[in-house]
Undergrad: 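Before anything else, here's the structure in question.
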Amino acid sequence: MIFHNLKLKNIGPFRDTSLTFEKEQGGVYPVVIITGENGTGKSIILDAIRTALRGLYGIERDVIADKADFLIDLEFVDGQSKKHITADHIAVNGKPTGNNVYVEFFHKELSKENNVNWIIDYWSPDLSADTFDINTISSINISQALLGCLNKTLPNVNLTKFISSIDYLKGSDKGEESHRGEIIFKKIKEIFDDCVSKNSFSHVERESITPMIKTHGKEVSLEKLSSGNILLVKHLIGLMSRMYGICRINEMSIEEMFKIEGVLLIDEVENHLHPKWQKSVIGIIRKHFPNLQIILTTHSPFVVSSVDDAKIYACIDKVDHSEIVDETADYSNYPVDDVLGTGVFDVDPFSKKISEKLAERMRAIKSGDKANKERVEKELISLNEGYFSYYNLKNQIAFYDKNETH
């Protein structure tokens with residue numbers, strides 16, 4: 001399942017709008033970023049998708065603004081054919097209906113269908129308050145791989161259950177089982193290494209069934225980690241547990257598991273994360289799960305500037321409604337300083353003089369005035385050489401290449 005287009009009518013603050021996830025040259029954008037000020041409807045877009053998939057009362061809030069006249073139409077590709085999920089009226093049972101067979105598909109525990117070879121997952125910034133502790137190791141229920149995949153919170157205990165089950169599996173006397181366990185356990189350690197600064201995954205203490213983390217020369221349990229680190233680890237390993245279920249249902253090799261395609265929805269990905277992690281979080285996800293289409297909302301310019309060639313939408317407040325505007329040309333592939341000074345962010349991180357020069361540079365870029373752009377860049381370098389020296393990078397590379405050929 002890969003999403004191609006989404007149409008909304010009278011959903012949240014949106015009257016009649018649409019988003020396309022398709023590239024002009026074919027295929028879809030691997031990352032779609034939705035930004036905007038508070039209250040403009042970013043999260044409602046993801047909730048509309050969840051509503052289409054699960055039904056009106058399958059999520060935590062009612063996103064429909066006019067129950068007599070609304071539409072959620074999600075076009076996607078399943079296999080080789082394009083299909084639609086449409087919710088356009090309220091049935092007796094209170095769920096949006098139409099040709100929405102996938103609502104019932106999810107309610108019947110979608111992952112039990114043997115022909116489902118894709119993944120879908122939703123990440124919320126909400127923290128779970130339950131314990132990480134378990135008393136017994138249980139087998140992984142692969143028939144429920146996608147059960148709860150669109151829920152708002154992911155229980156802490158699920159992380160301990162999966163890690164402990166994989167630790168048990170890698171110790172199996174059966175070669176096939178131990179091989180699967182070793183491969184996944186290695187990936188678990190890699191995820192911890194990428195997501196937890198100056199810490200690493202150590203082992204599972206089997207007497208107490210407690211995953212242990214090595215930090216500052218000590219071994220600690222999961223609840224000792226920061227909320228941002230543990231939330232990121234929990235989501236990534238939770239996603240991996242769903243992939244494991246799909247892999248086993250379809251009798252795929254464990255090496256194929258991380259190549260599974262699908263959609264990952266992330267709401268406010270930057271929450272609980274230091275700017276360093278905001279800058280790297282999408283790269284980490286794509287490193288471990290390269291074939292996922294990621295659709296995310298964010299307030300963070302660090303996230304917006306971190307992804308090359310993303311599709312970028314901004315939710316714009318129009319007093320009595322919101323509009324979704326394609327801002328890819330204004331945001332994509334720009335450094336964070338430029339992103340901060342444009343569109344919905346409108347924040348000046350510099351002095352008035354430098355801010356004016358940056359605005360002048362942006363106007364030159366938009367008008368295609370290369371000479372004026374380069375002139376302003378030289379002035380910025382003279383004002384702060386240490387900070388703006390990267391403007392000279394292209395010239396430095398050209399100079400190096402020229403001298404290397406002689």
Undergrad: Could you tell me whether Lys189 sits above the aromatic face of Phe201, with NZ or CZ closer than 6.0 angstrom to the six-membered ring centre and within 45 degrees of the axis?
TA: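 No cation-pi geometry.
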
Undergrad: In sequence, state the C-alpha distance, the side-chain angles, and the governing distance for Gln293 and Leu264, and then conclude on side-chain contact (heavy atoms from CB on, under 4.5 Å).
TA: CA-CA 6 Å; Gln293 178 189 35; Leu264 174 58; over 6 Å; no

Undergrad: Report the C-alpha separation of Phe70 and Lys9 in whole Å, then their side-chain angles, then the decisive distance to 0.1 Å, and conclude whether the side-chain contact (heavy atoms from CB on, under 4.5 Å) test is met.
TA: CA-CA 5 Å; Phe70 73 91; Lys9 181 181 180 182; 5.7 Å; no

Undergrad: Verify whether one side chain among Thr40 and Asp317 offers a donor that lies under 3.5 Å from an acceptor in the other.
TA: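 No, no side-chain donor-acceptor contact under 3.5 Å.
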
Undergrad: Kindly indicate, with the supporting measurements, whether the criterion salt bridge (Lys or Arg N to Asp or Glu O under 4.0 Å) is fulfilled by Lys259 and Glu256.
TA: CA-CA 5 Å; Lys259 300 177 183 178; Glu256 294 178 284; over 6 Å; no

Undergrad: Got Val263 and Phe76 here, is their nearest side-chain heavy-atom distance under 4.5 Å?
TA: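 No, too far: nothing below the 4.5 Å cut-off.
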
Undergrad: Would you say the side-chain atoms of His235 and Asp121 include a donor-acceptor pair closer than 3.5 Å?
TA: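 Distance-only check fails for His235 and Asp121.
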
Undergrad: Tell me yes or no: between the side chains of Thr328 and Asp326, is some donor less than 3.5 Å from an acceptor?
TA: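 Yes.
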
Undergrad: Using side-chain heavy atoms (C-beta onward) and a distance below 4.5 Å, is Ile72 in contact with Thr86?
TA: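 Side-chain contact under 4.5 Å: no.
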
Undergrad: Any salt bridge between Asp66 and Arg15, counting N to O under 4.0 Å?
TA: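 No.
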
Undergrad: Side chains of Val204 and Met212: closer than 4.5 Å at any heavy-atom pair?
TA: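 The answer is no; the side chains never approach within 4.5 Å.
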
Undergrad: Contact between Thr17 and Lys7 at the side-chain level, heavy atoms closer than 4.5 Å - yes or no?
TA: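 No. Closest side-chain heavy atoms not under 4.5 Å.
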
Undergrad: List the steps, then state whether side chain to side chain donor-acceptor pair (under 3.5 Å) holds for Lys311 with Thr20.
TA: CA-CA 9 Å; Lys311 184 75 169 178; Thr20 179; over 6 Å; no

Undergrad: Checking Asn229 against Ser226: is there a side-chain donor and acceptor pair closer than 3.5 Å?
TA: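 Yes, side-chain donor-acceptor contact under 3.5 Å.
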
Undergrad: Does a donor on one side chain sit under 3.5 Å from an acceptor on the other, for Ser172 and Glu177?
TA: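 Looking only at side-chain atoms, Glu177 and Ser172 do form a donor-acceptor pair, the distance falling under 3.5 Å.
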
Undergrad: List the steps and the verdict of salt bridge (Lys or Arg N to Asp or Glu O under 4.0 Å) for Arg361 and Glu377.
TA: CA-CA 7 Å; Arg361 175 179 176 271; Glu377 287 177 352; 3.0 Å; yes

Undergrad: Can a donor-acceptor pair be found between the side chains of Ser124 and Asp267 at a distance below 3.5 Å?
TA: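 Side-chain D/A pair, Ser124 to Asp267: absent.
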
Undergrad: So do Leu383 and Lys353 actually touch side chain to side chain, heavy atoms under 4.5 Å?
TA: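 Yes. Closest side-chain heavy atoms under 4.5 Å.
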
Undergrad: Strictly below 4.0 Å, N to O, side chains only: are Glu75 and Lys82 in salt-bridge contact?
TA: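 So Glu75 pairs with Lys82 through a salt bridge.
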
Undergrad: Looking only at the side chains, is there a donor atom on one of His4 and Glu22 sitting less than 3.5 Å from an acceptor on the other?
TA: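 Yes - a donor-acceptor pair under 3.5 Å links their side chains.
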
Undergrad: Apply the test side-chain contact (heavy atoms from CB on, under 4.5 Å) to residues Leu265 and Trp123: give CA-CA distance (whole Å), side-chain angles for both, the deciding distance (0.1 Å), then the verdict.
TA: CA-CA 6 Å; Leu265 307 172; Trp123 295 4; over 6 Å; no

Undergrad: Heavy-atom count around Glu207 CD within 6.0 Å, excluding the residue itself: above 12?
TA: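 For Glu207, atom CD is not crowded (no more than 12 foreign heavy atoms under 6.0 Å).
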
Undergrad: Side chains of Gln278 and His299 only: does a donor on one sit below 3.5 Å from an acceptor on the other?
TA: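 Note: Gln278 and His299 side chains miss the donor-acceptor criterion.
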
Undergrad: Of Val32, Ile33, Ile295, which is the lone residue that meets side-chain contact (heavy atoms from CB on, under 4.5 Å) with Tyr313?
TA: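 Result for side-chain contact (heavy atoms from CB on, under 4.5 Å) with Tyr313: Val32.
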
Undergrad: Is any side-chain heavy atom of Thr35 closer than 4.5 Å to a side-chain heavy atom of Glu327?
TA: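 Heavy-atom side-chain distance check fails, nothing below 4.5 Å.
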
Undergrad: Hey, does the side chain of His274 reach the backbone of Lys276 with a donor-acceptor pair shorter than 3.5 angstrom?
TA: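 Indeed, once roles are kept as given, a pair shorter than 3.5 Å links the two residues.
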
Undergrad: So Val157 and Asp133, do their side chains get closer than 4.5 Å, heavy atoms only?
TA: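 They are not in side-chain contact.
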
Undergrad: Is there side-chain contact between Ile34 and Leu296, with at least one heavy-atom pair below 4.5 Å?
TA: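 Counting from C-beta outward, Ile34 and Leu296 never come under 4.5 Å.
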
Undergrad: Working to the nearest 0.5 angstrom, can you tell me the gap between Ile184 CD1 and Lys170 NZ?
TA: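 Atom-to-atom, Ile184:CD1 and Lys170:NZ are 12.5 Å apart.
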
Undergrad: Please walk me through it: do Glu182 and Lys187 pass salt bridge (Lys or Arg N to Asp or Glu O under 4.0 Å)?
TA: CA-CA 9 Å; Glu182 290 284 356; Lys187 179 63 76 170; over 6 Å; no

Undergrad: Quick one: do the Tyr244 and Arg180 side chains pair a donor with an acceptor below 3.5 Å?
TA: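 Distance-only check passes for Tyr244 and Arg180.
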
Undergrad: Quick check against the 3.5 Å criterion: does Asn156 have a side-chain atom that pairs as donor or acceptor with the backbone of Ser128?
TA: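 The answer is yes, because a donor-acceptor pair under 3.5 Å joins these two groups.
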
Undergrad: Tell me, with the steps shown, if Ile64 and Asn10 meet side-chain contact (heavy atoms from CB on, under 4.5 Å).
TA: CA-CA 6 Å; Ile64 299 173; Asn10 291 328; 6.0 Å; no

Undergrad: Leu6 and side-chain contact (heavy atoms from CB on, under 4.5 Å): which single residue from Asp73, Ile85, Ile45 fits?
TA: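 Between Leu6 and the candidates, side-chain contact (heavy atoms from CB on, under 4.5 Å) is satisfied uniquely by Ile45.
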
Undergrad: Cationic tip of Lys23 within the cone over Tyr29's six-membered ring, i.e. under 6.0 Å and within 45° of the normal?
TA: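 Ring-cation test returns yes.
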
Undergrad: Can a side-chain donor-acceptor contact be found between Glu268 and Thr297 if the only test is distance below 3.5 angstrom?
TA: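 Distance-only check fails for Thr297 and Glu268.
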
Undergrad: Let me see the working for Glu379 and Lys357 under salt bridge (Lys or Arg N to Asp or Glu O under 4.0 Å), right down to the final yes or no.
TA: CA-CA 8 Å; Glu379 292 178 8; Lys357 290 296 178 184; 2.5 Å; yes

Undergrad: Return the minimal non-hydrogen interatomic distance between Ala48 and Ile11, and the atom names on each side.
TA: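 Minimum heavy-atom contact is CB-CG2, 4.0 Å.
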
